[in-house]
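Below is one structure; the comments refer to it alone.
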2 protein chains.
Amino acid sequence: MDGGGSERSAGVGVHPGVVPLSYLLGTWRGQGEGGFPTISTFQYGEELHFSHPGNKPVIAYSQKTWKLNSGEPMHAEAGYWRPKPDGTLEVVISQSTGLLELQKGTYNAQDKVVKLYSELVANASKVREISRVFKLVNGELSYVVEMATSLTSLQPHLKASLKKL
Amino acid sequence: MDGGGSERSAGVGVHPGVVPLSYLLGTWRGQGEGGFPTISTFQYGEELHFSHPGNKPVIAYSQKTWKLNSGEPMHAEAGYWRPKPDGTLEVVISQSTGLLELQKGTYNAQDKVVKLYSELVANASKVREISRVFKLVNGELSYVVEMATSLTSLQPHLKASLKKL
(Lines give C-alpha, C1' and ligand atoms only; values in the text may rest on other atoms or scores of the structure.)
Protein backbone atom coordinates (compact mmCIF):
# COMPACT_ATOMS: atom_id res chain seq x y z
CA MET A 1 0.00 0.00 0.00
CA ASP A 2 1.86 3.04 -1.19
CA GLY A 3 0.08 6.27 -0.49
CA GLY A 4 -3.52 5.17 -0.43
CA GLY A 5 -6.36 7.60 -0.70
CA SER A 6 -5.31 8.39 -4.24
CA GLU A 7 -7.10 11.28 -5.84
CA ARG A 8 -8.88 10.97 -9.18
CA SER A 9 -9.16 13.45 -12.00
CA ALA A 10 -12.40 14.50 -13.64
CA GLY A 11 -14.14 11.76 -15.56
CA VAL A 12 -12.41 8.82 -13.87
CA GLY A 13 -14.07 7.27 -10.86
CA VAL A 14 -16.09 10.37 -9.99
CA HIS A 15 -18.79 9.79 -7.37
CA PRO A 16 -22.28 10.46 -8.86
CA GLY A 17 -22.83 13.23 -6.31
CA VAL A 18 -19.74 15.05 -7.58
CA VAL A 19 -20.43 14.77 -11.34
CA PRO A 20 -22.28 18.13 -11.55
CA LEU A 21 -19.19 19.83 -10.04
CA SER A 22 -16.54 17.69 -11.73
CA TYR A 23 -15.58 20.58 -14.06
CA LEU A 24 -13.86 22.09 -11.01
CA LEU A 25 -11.49 19.15 -10.46
CA GLY A 26 -7.87 20.00 -11.09
CA THR A 27 -5.56 22.95 -10.51
CA TRP A 28 -6.44 26.53 -11.42
CA ARG A 29 -4.02 29.45 -11.50
CA GLY A 30 -4.43 33.14 -12.13
CA GLN A 31 -4.63 36.58 -10.61
CA GLY A 32 -7.00 38.40 -8.36
CA GLU A 33 -7.69 41.81 -6.89
CA GLY A 34 -8.72 42.61 -3.35
CA GLY A 35 -10.17 45.63 -1.67
CA PHE A 36 -12.57 46.81 0.98
CA PRO A 37 -13.68 50.20 2.32
CA THR A 38 -11.15 49.86 5.14
CA ILE A 39 -8.07 48.76 3.13
CA SER A 40 -6.13 49.69 -0.02
CA THR A 41 -6.69 47.77 -3.24
CA PHE A 42 -4.15 45.00 -3.84
CA GLN A 43 -3.34 42.40 -6.51
CA TYR A 44 -2.36 38.79 -5.95
CA GLY A 45 -1.41 35.56 -7.67
CA GLU A 46 -3.50 32.53 -6.80
CA GLU A 47 -3.69 28.79 -7.14
CA LEU A 48 -6.79 26.73 -6.42
CA HIS A 49 -6.83 22.95 -6.25
CA PHE A 50 -9.92 20.74 -6.28
CA SER A 51 -9.47 16.98 -5.87
CA HIS A 52 -11.77 14.07 -5.23
CA PRO A 53 -11.38 10.75 -3.41
CA GLY A 54 -13.64 8.93 -5.92
CA ASN A 55 -15.57 6.89 -3.38
CA LYS A 56 -17.26 9.73 -1.49
CA PRO A 57 -19.36 12.75 -2.52
CA VAL A 58 -16.69 15.20 -1.34
CA ILE A 59 -14.30 17.55 -3.12
CA ALA A 60 -11.13 18.59 -1.28
CA TYR A 61 -10.39 22.27 -1.81
CA SER A 62 -7.16 24.18 -1.19
CA GLN A 63 -6.12 27.68 -2.09
CA LYS A 64 -3.05 29.85 -1.72
CA THR A 65 -2.18 33.36 -2.82
CA TRP A 66 1.08 35.27 -3.22
CA LYS A 67 2.35 38.76 -3.92
CA LEU A 68 2.73 39.27 -7.65
CA ASN A 69 6.05 41.11 -7.51
CA SER A 70 7.94 38.91 -5.04
CA GLY A 71 6.08 35.59 -4.89
CA GLU A 72 5.89 36.03 -1.12
CA PRO A 73 3.09 33.85 0.32
CA MET A 74 -0.03 35.70 1.42
CA HIS A 75 -3.24 33.90 2.32
CA ALA A 76 -4.05 30.19 2.31
CA GLU A 77 -7.19 28.19 3.04
CA ALA A 78 -8.37 24.62 2.76
CA GLY A 79 -11.56 22.67 3.17
CA TYR A 80 -14.19 20.42 1.65
CA TRP A 81 -17.09 20.94 -0.75
CA ARG A 82 -19.95 18.59 0.05
CA PRO A 83 -22.73 18.39 -2.58
CA LYS A 84 -25.95 17.07 -1.04
CA PRO A 85 -28.59 14.79 -2.62
CA ASP A 86 -31.14 17.65 -2.44
CA GLY A 87 -29.04 19.77 -4.81
CA THR A 88 -27.64 22.07 -2.15
CA LEU A 89 -23.96 22.44 -1.37
CA GLU A 90 -22.21 22.61 2.00
CA VAL A 91 -18.63 23.93 2.18
CA VAL A 92 -16.32 23.97 5.21
CA ILE A 93 -13.15 26.06 5.10
CA SER A 94 -10.36 26.79 7.54
CA GLN A 95 -8.19 29.79 6.78
CA SER A 96 -4.50 30.45 7.57
CA THR A 97 -5.70 33.50 9.52
CA GLY A 98 -7.51 31.17 11.93
CA LEU A 99 -10.97 31.95 10.58
CA LEU A 100 -13.42 29.06 10.13
CA GLU A 101 -16.34 29.09 7.68
CA LEU A 102 -19.41 26.93 7.26
CA GLN A 103 -21.00 27.87 3.96
CA LYS A 104 -24.29 26.71 2.46
CA GLY A 105 -25.50 27.29 -1.05
CA THR A 106 -26.49 26.01 -4.44
CA TYR A 107 -24.90 24.99 -7.73
CA ASN A 108 -26.22 25.14 -11.24
CA ALA A 109 -24.56 22.35 -13.23
CA GLN A 110 -25.74 23.67 -16.60
CA ASP A 111 -24.59 27.27 -16.12
CA LYS A 112 -21.62 26.20 -13.94
CA VAL A 113 -22.43 28.73 -11.26
CA VAL A 114 -21.91 28.10 -7.51
CA LYS A 115 -23.36 30.46 -4.91
CA LEU A 116 -22.35 30.15 -1.25
CA TYR A 117 -23.25 32.10 1.84
CA SER A 118 -21.77 31.74 5.32
CA GLU A 119 -23.98 30.09 7.89
CA LEU A 120 -21.16 30.34 10.43
CA VAL A 121 -17.99 32.45 10.64
CA ALA A 122 -15.92 31.60 13.72
CA ASN A 123 -12.69 32.78 15.34
CA ALA A 124 -12.67 36.10 13.49
CA SER A 125 -12.16 39.43 15.20
CA LYS A 126 -14.03 41.53 12.65
CA VAL A 127 -15.52 39.37 9.88
CA ARG A 128 -19.21 38.58 10.35
CA GLU A 129 -20.38 37.15 7.00
CA ILE A 130 -18.78 35.87 3.80
CA SER A 131 -20.41 35.10 0.46
CA ARG A 132 -18.66 33.37 -2.44
CA VAL A 133 -19.85 33.09 -6.05
CA PHE A 134 -17.91 30.98 -8.58
CA LYS A 135 -18.63 31.04 -12.32
CA LEU A 136 -17.10 29.23 -15.26
CA VAL A 137 -17.04 31.61 -18.25
CA ASN A 138 -15.23 30.74 -21.49
CA GLY A 139 -13.23 28.09 -19.66
CA GLU A 140 -12.03 30.48 -16.98
CA LEU A 141 -13.06 30.08 -13.36
CA SER A 142 -13.89 33.45 -11.83
CA TYR A 143 -15.10 34.21 -8.36
CA VAL A 144 -16.27 37.10 -6.22
CA VAL A 145 -15.97 37.04 -2.44
CA GLU A 146 -18.07 39.49 -0.48
CA MET A 147 -17.52 40.17 3.20
CA ALA A 148 -19.32 41.91 6.03
CA THR A 149 -17.48 43.07 9.13
CA SER A 150 -18.49 44.61 12.43
CA LEU A 151 -18.06 47.98 10.70
CA THR A 152 -19.19 47.34 7.11
CA SER A 153 -22.11 45.60 5.40
CA LEU A 154 -21.68 42.78 2.86
CA GLN A 155 -19.71 44.11 -0.12
CA PRO A 156 -17.01 43.00 -2.58
CA HIS A 157 -13.67 42.00 -1.06
CA LEU A 158 -11.96 39.71 -3.60
CA LYS A 159 -12.35 38.83 -7.27
CA ALA A 160 -10.16 36.66 -9.46
CA SER A 161 -10.03 34.83 -12.76
CA LEU A 162 -8.18 31.53 -13.06
CA LYS A 163 -7.21 29.16 -15.87
CA LYS A 164 -6.99 25.39 -15.48
CA LEU A 165 -3.42 24.09 -15.68
CA MET B 1 6.55 33.62 -11.19
CA ASP B 2 5.88 29.93 -11.24
CA GLY B 3 3.68 28.74 -8.42
CA GLY B 4 4.53 31.25 -5.73
CA GLY B 5 3.87 30.59 -2.09
CA SER B 6 6.55 27.93 -2.08
CA GLU B 7 6.75 25.82 1.02
CA ARG B 8 9.93 25.43 3.02
CA SER B 9 11.30 22.42 4.83
CA ALA B 10 12.49 22.42 8.43
CA GLY B 11 15.58 24.51 9.04
CA VAL B 12 15.33 26.67 5.91
CA GLY B 13 13.52 29.97 6.19
CA VAL B 14 11.47 28.93 9.20
CA HIS B 15 9.61 31.78 10.90
CA PRO B 16 10.86 32.23 14.50
CA GLY B 17 7.38 31.47 15.82
CA VAL B 18 7.43 28.09 14.09
CA VAL B 19 10.93 26.97 15.17
CA PRO B 20 9.69 25.13 18.31
CA LEU B 21 7.35 23.07 16.11
CA SER B 22 9.66 22.72 13.09
CA TYR B 23 10.29 19.04 13.89
CA LEU B 24 6.76 18.44 12.55
CA LEU B 25 7.47 19.84 9.07
CA GLY B 26 7.38 17.22 6.35
CA THR B 27 5.31 14.15 5.52
CA TRP B 28 4.52 11.38 8.02
CA ARG B 29 3.05 7.99 7.19
CA GLY B 30 1.94 5.05 9.27
CA GLN B 31 -0.99 3.19 10.72
CA GLY B 32 -3.67 3.89 13.27
CA GLU B 33 -6.49 2.24 15.14
CA GLY B 34 -9.90 3.67 15.84
CA GLY B 35 -12.69 2.77 18.21
CA PHE B 36 -15.41 4.15 20.42
CA PRO B 37 -18.09 2.67 22.67
CA THR B 38 -20.61 3.01 19.84
CA ILE B 39 -18.54 1.53 16.96
CA SER B 40 -16.34 -1.49 16.15
CA THR B 41 -12.56 -1.18 16.31
CA PHE B 42 -10.92 -0.50 12.94
CA GLN B 43 -7.42 -0.05 11.50
CA TYR B 44 -6.31 2.52 8.96
CA GLY B 45 -3.36 3.79 6.97
CA GLU B 46 -2.57 7.47 7.35
CA GLU B 47 -0.51 10.27 5.92
CA LEU B 48 0.03 13.62 7.64
CA HIS B 49 1.64 16.60 5.97
CA PHE B 50 2.91 19.74 7.72
CA SER B 51 4.27 22.60 5.61
CA HIS B 52 5.23 26.18 6.25
CA PRO B 53 5.12 29.35 4.13
CA GLY B 54 8.34 30.69 5.72
CA ASN B 55 7.18 34.27 6.12
CA LYS B 56 4.33 33.72 8.57
CA PRO B 57 3.99 31.91 11.92
CA VAL B 58 1.61 29.32 10.47
CA ILE B 59 1.93 25.62 9.67
CA ALA B 60 -0.41 24.16 7.05
CA TYR B 61 -1.71 20.75 8.10
CA SER B 62 -3.37 18.06 6.00
CA GLN B 63 -4.28 14.49 6.76
CA LYS B 64 -5.84 11.57 4.96
CA THR B 65 -6.55 7.98 5.91
CA TRP B 66 -7.32 4.83 3.93
CA LYS B 67 -8.43 1.24 4.45
CA LEU B 68 -5.40 -0.97 4.96
CA ASN B 69 -6.63 -3.87 2.81
CA SER B 70 -7.92 -1.96 -0.22
CA GLY B 71 -6.39 1.51 -0.06
CA GLU B 72 -9.89 2.94 -0.32
CA PRO B 73 -9.95 6.54 0.96
CA MET B 74 -11.55 7.06 4.37
CA HIS B 75 -11.27 10.34 6.28
CA ALA B 76 -9.48 13.56 5.35
CA GLU B 77 -8.98 16.86 7.13
CA ALA B 78 -6.98 20.03 6.65
CA GLY B 79 -6.21 23.20 8.52
CA TYR B 80 -3.62 25.47 10.08
CA TRP B 81 -1.53 25.36 13.25
CA ARG B 82 -0.94 28.85 14.60
CA PRO B 83 1.67 29.13 17.39
CA LYS B 84 1.16 32.32 19.42
CA PRO B 85 3.79 34.60 20.98
CA ASP B 86 2.50 33.65 24.46
CA GLY B 87 3.45 30.00 23.92
CA THR B 88 -0.05 28.77 23.27
CA LEU B 89 -1.18 27.12 20.07
CA GLU B 90 -4.36 27.66 18.06
CA VAL B 91 -5.39 25.08 15.48
CA VAL B 92 -8.25 25.30 12.96
CA ILE B 93 -9.35 22.19 11.11
CA SER B 94 -12.06 21.40 8.58
CA GLN B 95 -12.94 17.75 8.11
CA SER B 96 -14.21 15.89 5.03
CA THR B 97 -17.26 14.97 7.12
CA GLY B 98 -18.18 18.66 7.31
CA LEU B 99 -17.08 19.07 10.92
CA LEU B 100 -15.19 22.24 11.87
CA GLU B 101 -12.81 22.48 14.85
CA LEU B 102 -11.23 25.37 16.68
CA GLN B 103 -8.61 23.92 19.01
CA LYS B 104 -6.54 25.69 21.65
CA GLY B 105 -3.61 24.24 23.54
CA THR B 106 0.06 24.20 24.39
CA TYR B 107 3.31 22.79 23.05
CA ASN B 108 6.45 21.72 24.84
CA ALA B 109 9.36 22.21 22.47
CA GLN B 110 11.82 20.25 24.62
CA ASP B 111 9.65 17.16 25.11
CA LYS B 112 8.00 17.59 21.69
CA VAL B 113 4.52 17.20 23.07
CA VAL B 114 1.48 19.11 21.75
CA LYS B 115 -1.82 19.11 23.64
CA LEU B 116 -4.98 20.51 22.04
CA TYR B 117 -8.56 20.79 23.20
CA SER B 118 -11.56 21.92 21.19
CA GLU B 119 -12.92 25.34 21.99
CA LEU B 120 -15.47 24.97 19.22
CA VAL B 121 -16.86 21.98 17.31
CA ALA B 122 -19.35 23.03 14.64
CA ASN B 123 -21.55 21.34 12.03
CA ALA B 124 -21.45 17.95 13.78
CA SER B 125 -24.56 15.91 14.50
CA LYS B 126 -23.14 14.04 17.50
CA VAL B 127 -19.59 15.17 18.31
CA ARG B 128 -19.38 17.67 21.16
CA GLU B 129 -15.67 17.85 22.09
CA ILE B 130 -12.36 16.68 20.62
CA SER B 131 -8.93 16.56 22.24
CA ARG B 132 -5.70 15.79 20.40
CA VAL B 133 -2.29 14.95 21.91
CA PHE B 134 0.78 14.57 19.66
CA LYS B 135 4.11 13.18 20.93
CA LEU B 136 7.44 12.58 19.24
CA VAL B 137 8.96 9.40 20.71
CA ASN B 138 12.12 7.80 19.23
CA GLY B 139 11.58 9.72 16.02
CA GLU B 140 8.00 8.50 15.59
CA LEU B 141 5.07 10.88 15.75
CA SER B 142 2.22 9.36 17.72
CA TYR B 143 -1.12 10.86 18.56
CA VAL B 144 -4.26 10.13 20.53
CA VAL B 145 -7.60 11.73 19.65
CA GLU B 146 -10.32 11.68 22.26
CA MET B 147 -13.93 12.53 21.49
CA ALA B 148 -17.11 13.27 23.40
CA THR B 149 -20.52 12.91 21.78
CA SER B 150 -24.06 13.64 22.82
CA LEU B 151 -24.13 10.07 24.20
CA THR B 152 -20.58 9.50 25.49
CA SER B 153 -18.07 11.46 27.59
CA LEU B 154 -14.55 12.30 26.37
CA GLN B 155 -12.67 9.05 25.68
CA PRO B 156 -10.17 7.57 23.21
CA HIS B 157 -11.29 7.46 19.59
CA LEU B 158 -8.11 7.29 17.48
CA LYS B 159 -4.44 6.51 17.99
CA ALA B 160 -1.65 6.20 15.46
CA SER B 161 2.11 6.11 15.07
CA LEU B 162 3.78 7.64 12.02
CA LYS B 163 7.29 7.76 10.57
CA LYS B 164 8.68 10.72 8.64
CA LEU B 165 9.17 9.99 4.95
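Small disclaimer: the values here were computed from a predicted structure and weren't measured. We name chains A, B, ... by the order of the sequence lines, and we start the count at 1 in each one.
No path of Ile, Leu, Val, Met, Phe, Trp and Tyr side chains, each step under 4.5 Å between heavy atoms, connects L154(B) with V121(B), placing them in separate hydrophobic clusters. In this structure, L24(A) is a member of the same hydrophobic cluster as V145(A), with clusters built from ILVMFWY side-chain heavy atoms closer than 4.5 Å. In the hydrophobic cluster analysis, where Ile, Leu, Val, Met, Phe, Trp and Tyr join through side-chain heavy atoms closer than 4.5 angstrom, L116(A) is grouped apart from L120(A). No chain of hydrophobic side-chain contacts below 4.5 Å, direct or via other Ile, Leu, Val, Met, Phe, Trp or Tyr residues, connects W81(A) to Y117(A). Linking ILVMFWY side-chain heavy atoms closer than 4.5 Å, directly or via other members, places V19(B) and L21(B) in a single hydrophobic cluster.
Of the atoms belonging to E46(B), not a single heavy atom falls under 4.5 Å from chain A. At a 4.5 Å heavy-atom cutoff, E119(A) makes no contact with chain B through either its backbone or its side chain.
Within 6.0 Å of NZ on K104(A) lie more than 12 heavy atoms contributed by other residues, nucleotides or ligands.
Distance check: K56(B) NZ to H75(A) NE2 gives 10.0 Å after rounding to the nearest 0.5 Å. One finds the CE atom of M74(A) at 10.0 Å from the CG atom of N55(B) (value rounded to the nearest 0.5 Å).
Options A76(A), G45(A), A122(A) differ in how many heavy-atom pairs under 4.5 Å they form with chain B, and the most are formed by A76(A).
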Starting from the C-alpha separation in whole Å, work towards a yes-or-no answer on side-chain contact (heavy atoms from CB on, under 4.5 Å) for L100(B) and L102(A).
CA-CA 8 Å; L100(B) 286 162; L102(A) 168 60; 3.8 Å; yes
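Nearest heavy-atom pair across P73(B) and P53(A) is CG-O, 3.5 Å.
Scanning residues 85-99 of chain B against chain A with a 4.5 Å non-hydrogen threshold yields E90(B), V92(B), I93(B), S94(B), Q95(B), S96(B), T97(B), G98(B), sorted by number.
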